[in-house]
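Below: the structure, in structure tokens.
Letters A, B, ... are given to chains in the order of the sequence lines, protein chains preceding strands, and every chain is numbered from 1. Remember, predicted model here, so these are calculated numbers, not experimental data.
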Number of protein chains: 2
Amino acid sequence: MATTSTKPSVSFIGLGAMGFGMATHLVKQGYRVTGFDVWEPTLSRFVAAGGLSASTPASAVRDSPLCVVMVATAAQADSVLFSGDAPAAAALPQGAILLLCSTVPCAYVQGLATRLRPDVRLADCPVSGGAARAADGTLSIMAGGSEEALSAAMELLRELADPAKLYVVAGGVGAGSNMKMCHQVLAAVQILAASEGMGFAARLLGSPATTLPRARDAVLGSPESWAWMFENRVPRMLEKEGLGVPVASALTIIVKDAGIITSEARRRGFATPMTSVAEQVYFAGVGRGWGADDDSSMIRLYTEGEGKVGPVSATDYDDEGKLKLVLALLKGIYLCAAAEAIAFAKRCQLDLDQVYELCVNAAGGSTVFKNVGPEMMKLCRGEALVALEGGESLGDLERQLQEAVAEAQRLKVPVFLGSQALSLIRLALQHAPTNVEKLPRAAVTTLWGL
Amino acid sequence: MATTSTKPSVSFIGLGAMGFGMATHLVKQGYRVTGFDVWEPTLSRFVAAGGLSASTPASAVRDSPLCVVMVATAAQADSVLFSGDAPAAAALPQGAILLLCSTVPCAYVQGLATRLRPDVRLADCPVSGGAARAADGTLSIMAGGSEEALSAAMELLRELADPAKLYVVAGGVGAGSNMKMCHQVLAAVQILAASEGMGFAARLLGSPATTLPRARDAVLGSPESWAWMFENRVPRMLEKEGLGVPVASALTIIVKDAGIITSEARRRGFATPMTSVAEQVYFAGVGRGWGADDDSSMIRLYTEGEGKVGPVSATDYDDEGKLKLVLALLKGIYLCAAAEAIAFAKRCQLDLDQVYELCVNAAGGSTVFKNVGPEMMKLCRGEALVALEGGESLGDLERQLQEAVAEAQRLKVPVFLGSQALSLIRLALQHAPTNVEKLPRAAVTTLWGL
């Protein structure tokens with residue numbers, strides 16, 4: 001309090017893994033930050049880190065022109081703003097800026113805009129990047145809102161974001177949430193894909209302790225089967241199937257994000273077959289009581305069959321052949337995830353170039369998205385399909401994926417996402433003009449009825 | 001042996017639940033039947049029932065002009081015919097008729113035709129109907145083969161089949177297996193649908209012991225949510241989730257049939273998104289070690305989440321409203337199963353009228369198939385879509401199904417098939433001409449690129 005900071009004071013509601021890092025980063029940058037969280041020990045830690053604490057949302061926000069809400073769900077946001085004990089909305093000072101950084105449905109944040117006092121300005125600015133980047137002030141942030149709201153929020157957003165990863169998303173309140181949601185299509189599918197790919201590898205190759213590191217290296221070293229989520233989740237999987245490490249991201253978190261995608265898709269009558277299958281598999285995990293476990297531990301669903309499925313008649317592939325199947329499975333999944341994310345972004349009227357730039361460098365990134373995404377976007381803009389001059393066709397990829405799914409069938413190991421990707425690619429081929437051998441891989445996007 | 005039967009002598013390989021009933025029925029009808037099975041106690045029972053026993057396939061077939069093979073899989077058929085101990089094929093008498101009654105892939109039986117001695121005539125005649133009808137001689141039989149082979153096999157087929165359910169399927173060897181396979185699309189999806197519908201009901205309504213019988217009654221009494229598999233499987237589910245009754249049909253059996261469908265679909269580049277999802281879920285059950293359990297016990301996968309999924313925010317439906325969701329879920333699944341079966345039958349060049357007649361009266365039957373199937377077949381024949389004059393549109397059904405899937409999401413109960421059906425219906429709507437409100441439900445079939 002001895003410093004006479006020229007920086008505005010900030011209230012911060014929600015000091016979980018992400019919020020605590022963001023709020024303490026602001027403290028380090030010289031902001032006077034008043035925090036609130038329902039969990040008392042976090043508040044004490046925050047005070048020890050130089051923050052101020054409040055005992056209710058209302059008392060936290062009362063004296064600050066800027067209020068950041070970083071709780072886990074829309075229901076929690078609604079509670080701290082409107083319905084809980086001493087809620088914040090009515091206590092916001094005249095002309096306050098409310099930054100909602102939680103991942104919530106577009107419909108929720110748009111509704112919120114109509115429920116706040118007219119003098120309060122809302123910035124819809126979900127974040128991405130994990131706890132370490134939150135604490136470093138190098139998050140990805142997708143900000144939507146009126147020009148006035150965004151310009152008033154910009155100083156604070158610049159403190160929290162990596163300058164290269166602060167995206168102003170055109171379309172007003174809701175657009176930031178839509179951008180995050182379309183990115184999460186990739187995240188929701190690819191988190192499970194890491195478990196499915198490694199689980200399939202474990203059943204194919206046997207002796208997981210020695211073979212899984214090799215499978216990981218094969219995937220990470222391959223030209224087109226890399227994905228950020230795979231690289232991030234697999235090290236945790238290698239520690240007792242995700243149960244031998246502290247929980248970095250609980251299964252319930254991605255279940256929540258998948259639910260935002262599928263419920264928004266329902267509202268728009270849009271099909272999300274990849275995310276929907278992933279969501280059902282996540283529910284199966286939650287039903288086992290795994291909700292609080294690290295999401296990488298979903299690999300258990302694939303490995304548990306070892307020795308329990310009765311006789312199997314595996315093909316006589318050598319180890320290199322087996323690893324190729326794993327690569328093909330992942331490549332097929334990533335292709336369909338990319339198509340679903342881009343087609344959904346188009347439906348949400350997002351700027352596709354911005355979607356690409358954001359996703360390719362974020363947790364949803366994959367080599368397939370990077371390579372095929374631009375052509376998918378052309379199709380979404382109504383450009384005609386261009387016959388393939390060389391390289392891998394959609395038919396080529398179908399054959400590789402088919403070989404992987406067929407071998408999984410022989411081993412009686414589920415490959416929910418790989419099987420779904422194969423169905424979607426086949427449906428797209430069945431709709432395609434005659435010469436499917438010249439059909440580029442991006443053509444799978446046409447299944448969404450562009 | 002005192003009787004001087006004019007009936008030909010028959011060899012019978014494979015005296016399992018189905019084969020034993022069929023073979024003893026033939027004995028009762030006055031045939032001299034020589035049986036073979038790898039399981040010795042069955043052979044003794046067969047002798048006690050008036051049959052003769054052989055110690056190898058070769059010795060069983062040596063003296064009979066007719067040979068029935070009723071083993072469980074193509075691999076078993078191949079072993080008894082060609083590769084096992086004293087195999088049968090080489091020992092068949094000159095001009096013998098081989099009736100392959102096992103459910104096998106079309107590709108297998110077509111390959112078999114080329115491997116037999118030219119004088120041996122092959123009838124491809126898979127059966128359906130369960131052990132009781134096998135023993136009564138009232139099976140459904142789908143027979144393909146040359147005119148000569150079928151006419152030579154006909155007397156025996158008539159003994160085994162219900163006269164109204166003996167189908168000669170045009171197209172030669174392989175056509176019978178294709179017909180059975182297309183029927184099994186309905187079976188594979190609808191066996192799991194029974195578990196999914198009842199599992200969803202259990203989580204919606206709570207107190208399964210009292211509420212599941214009500215849910216069953218609601219489904220069976222509804223105008224369009226009835227299916228033969230539901231009526232057949234649910235009584236077993238009500239006995240300790242399918243574990244309190246003798247195994248009537250082990251999970252591994254439908255896993256095998258699903259595998260025939262998806263592997264034949266792969267061979268033809270055809271998409272089977274409903275069967276493929278069902279197959280993956282079955283693999284998840286097999287991976288739990290449930291392969292030998294009754295298939296109705298798959299309900300466990302849906303009910304086990306009760307109390308384990310954390311807080312849920314269920315909608316405040318009354319019981320009638322909840323039951324409506326269950327009906328909508330099943331109706332949506334049956335619609336997509338019907339579309340997949342009929343589109344696949346078209347791809348297999350089967351006579352669609354015959355497919356309809358067979359399926360509507362068999363274990364794959366459902367009210368939705370009965371009501372919507374004829375219009376799906378018209379679309380498959382290239383007739384134009386006719387705008388709806390009244391009744392339920394595809395959009396109407398989408399909304400009902402969506403409500404069910406959304407509530408399942410709130411309860412965190414997986415609905416793999418319902419969610420898949422919703423994705424497929426939405427993809428079809430995204431491809432549809434503009435006025436989707438007048439789109440008949442049969443239009444979902446167009447997703448298969450007719």
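For A/Arg347, the part lying under 4.5 angstrom from a heavy atom of chain B is the side chain only. With a threshold of 4.5 angstrom between heavy atoms, A/Glu279 approaches chain B through side-chain atoms but not through N, CA, C or O. Neither the backbone nor the side chain of A/Leu411 comes within contact range of chain B; no heavy atoms are under 4.5 Å apart. Proximity to chain A involves both the backbone and the side chain of B/Val281, based on heavy atoms less than 4.5 angstrom apart. Neither the backbone nor the side chain of A/Tyr302 comes within contact range of chain B; no heavy atoms are under 4.5 Å apart. With a 4.5 angstrom heavy-atom cutoff, B/Thr446 touches chain A only via backbone atoms. Neither the backbone nor the side chain of B/Leu301 comes within less than 4.5 Å of any heavy atom of chain A. When heavy atoms are compared at a cutoff of 4.5 Å, A/Leu429 does not approach chain B at all.
We find the CZ-CD distance between A/Arg266 and B/Glu398 to be 10.5 Å, quoted to the nearest 0.5 Å. Between B/Phe416 atom CZ and A/Ser276 atom OG the span is 12.0 Å, to the nearest 0.5 Å. Annotation: the span from B/Leu427 atom CG to A/Leu427 atom CG amounts to 7.5 Å, rounded to 0.5 Å. Considering NZ of A/Lys412 and CZ of B/Phe283, their distance stands at 7.5 Å, rounded to 0.5 Å. Rounded to the nearest 0.5 angstrom, A/Leu417 CG and B/Gln280 CD are separated by 9.5 Å. B/Thr272 OG1 to A/Arg426 CZ: the interatomic distance, rounded to the nearest 0.5 Å, is 6.5 Å.
Counting heavy-atom pairs closer than 4.5 Å to chain B, the top residue among A/Gly291, A/Ser263, A/Gly269, A/Gly305 is A/Gly269. Between chain B and the residues A/Leu424, A/Leu447, A/Thr303, the largest count of heavy-atom pairs under 4.5 Å involves A/Leu447. In terms of heavy-atom pairs under 4.5 Å with chain A, the best-connected choice from B/Pro273, B/Gly307, B/Gly310 is B/Pro273. For the set B/Arg203, B/Lys308, B/Glu306, B/Arg410, the entry with the most heavy-atom pairs within less than 4.5 Å of chain A is B/Lys308. Taking A/Gly395, A/Ala75, A/Ala265, A/Pro414 one by one and counting their heavy-atom pairs under 4.5 Å with chain B, the maximum is reached by A/Pro414. Here B/Val413 is the residue among B/Leu422, B/Ile425, B/Val277, B/Val413 with the most heavy-atom pairs under 4.5 Å with chain A.
Crowding of A/Lys256 atom NZ: a count of heavy atoms from other residues, nucleotides or ligands under 6.0 Å exceeding 12.
Side-chain atoms of A/Gln420 and B/Gln420 include a donor-acceptor pair closer than 3.5 Å. For the residue pair A/Thr262 and B/Gln409, a side-chain donor N or O sits within less than 3.5 Å of a side-chain acceptor on the partner.
Side-chain atoms of A/Gln430 come within 3.5 Å of backbone N or O of B/Trp448 as a donor-acceptor pair.
Looking at A/Arg288 and B/Glu304, their side chains come closer than 4.5 Å, going by heavy atoms from C-beta outward.
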